Amino acid sequence: MRRLLWTLLALLGLMLLVLIVRPDAARPGRIGFSWLTVTSGLAVCLAAFALTLMREQFSRVVERGLIWAVAALLLALGYSYRFDLHAAAYRGVAGFLPERAAAHAPTVEIARATAGGFPLSAQINGARVAMVLDTGANSVVLTQEAARAAGLPMEVLAYTVPIDTANGRARAAPVTIDNIAVGGIVEHAVPALIAQPGHLRTNLLGMSFLNRMERWEVSDDKLVLRGYP
């Protein structure tokens, strides 16, 4: 029985490693490899615990129950913070093997337009959206049209956040975007704002996206974004 216990604990550790290595495998609305791994692991844990209940004395049952509770908690935390763990693991690898990390980090280069800005094409929840880099914007800001194309819940928006636009002072509604892709860089659960109708002409790629980059810089007439692999 003790061998079974350690085997299953090793299985839980393996599942945590899978979540760190493949944090984007389980996206909202999609049953991915990580989700199947977690659910299968929890099912195995419950089955093993039930077996322990039938075969062990009460004191040992309590001991096993505490161990399974801690293991399940660690697995749940690992699943909830899989993206942060993945980023931390990448930073650790980068410290020892910078060349290897750099080779696998997605990089996007955007040329400066004649007007002076950095226009780009992004995928927001799968919808193609034209945007402009705006380091002065604390958040990604979308027009009504872009938000509707991305399938955001327009009918329940609450315009409670004051913002400054080219058309003057306005209010915007806070939302969370499932995923934003710029080239090979994909970020999930990105905070964003949707401007009131008629107050924004251009979608803004602001700091709620840029702060998730490993590095970003403007060099000559080129914007370089480097994400985590």
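A quick note: this is a predicted structure, and the numbers were derived from the prediction, not measured. Just the heavy atoms: all of them, side chains too, but no hydrogens, waters or symmetry mates, feed the values below.
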>> Test side-chain contact (heavy atoms from CB on, under 4.5 Å) on I124 and M131; report intermediate values, then the result.
In response: CA-CA 11 Å; I124 299 182; M131 308 189 77; 4.1 Å; yes
> Given the rule in the side-chain contact (heavy atoms from CB on, under 4.5 Å) test, do D164 and R169 qualify, once you have shown the distances and angles that lead to the verdict?
Replying inline: CA-CA 5 Å; D164 291 316; R169 195 74 167 171; 2.8 Å; yes
> When you look at I185 and F209, which way does the side-chain contact (heavy atoms from CB on, under 4.5 Å) test go after all the steps?
Replying inline: CA-CA 10 Å; I185 301 174; F209 180 87; 4.1 Å; yes
>> What verdict does the side-chain contact (heavy atoms from CB on, under 4.5 Å) test give for V132 and L205, after you've listed the backbone C-alpha separation in whole Å, the side-chain angles of each residue and the deciding distance to 0.1 Å?
In response: CA-CA 6 Å; V132 172; L205 188 70; over 6 Å; no
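For T160, the side chain to side chain contact (heavy atoms under 4.5 Å, CB included) criterion is met by A158, P174, not counting sequence neighbours. Qualifying salt bridge (charged side-chain N to carboxylate O under 4.0 Å, His left out) partners for R128, counting only residues two or more places apart in sequence or in other chains: none. Checked against side chain to side chain donor-acceptor pair (under 3.5 Å), E155 has no partners two or more places apart in sequence or in another chain. Legend: residues meeting side chain to side chain donor-acceptor pair (under 3.5 Å) with N138, ordered by chain and number and at least two apart, are absent. Contacts of S139 classified as side chain to side chain contact (heavy atoms under 4.5 Å, CB included), with partners at least two apart in sequence or in another chain: A192, L193, S208. Scored by the side chain to side chain donor-acceptor pair (under 3.5 Å) test, R112 finds D221 as partners (sequence neighbours excluded). In this view, E109 and K222 satisfy the salt bridge (charged side-chain N to carboxylate O under 4.0 Å, His left out) rule, not counting sequence neighbours. With sequence neighbours left out, N125 forms a side chain to side chain contact (heavy atoms under 4.5 Å, CB included) with A150, L152, I177, D178, N179.
Clustering ILVMFWY residues whenever any of their side-chain heavy atoms sit less than 4.5 angstrom apart, transitively, puts V141 in a cluster other than the one holding W216. Hydrophobic clustering (side-chain heavy atoms under 4.5 Å, transitive across Ile, Leu, Val, Met, Phe, Trp, Tyr) groups F118 together with M207. Both L133 and V108 belong to a single network of hydrophobic side chains, linked directly or stepwise wherever heavy atoms of I, L, V, M, F, W or Y lie under 4.5 Å apart.
The distance from the CG atom of L142 to the CD1 atom of I194 is 6.0 Å, given to the nearest 0.5 Å. The structure places CZ of R148 at 4.5 Å from CE of M154, a figure rounded to the nearest 0.5 Å. The distance from the CD atom of E145 to the CZ atom of R201 is 12.0 Å, given to the nearest 0.5 Å.
Counting only residues at least two apart or in different chains, salt bridge (charged side-chain N to carboxylate O under 4.0 Å, His left out) contacts with residues 181-200 comprise E187-R212.
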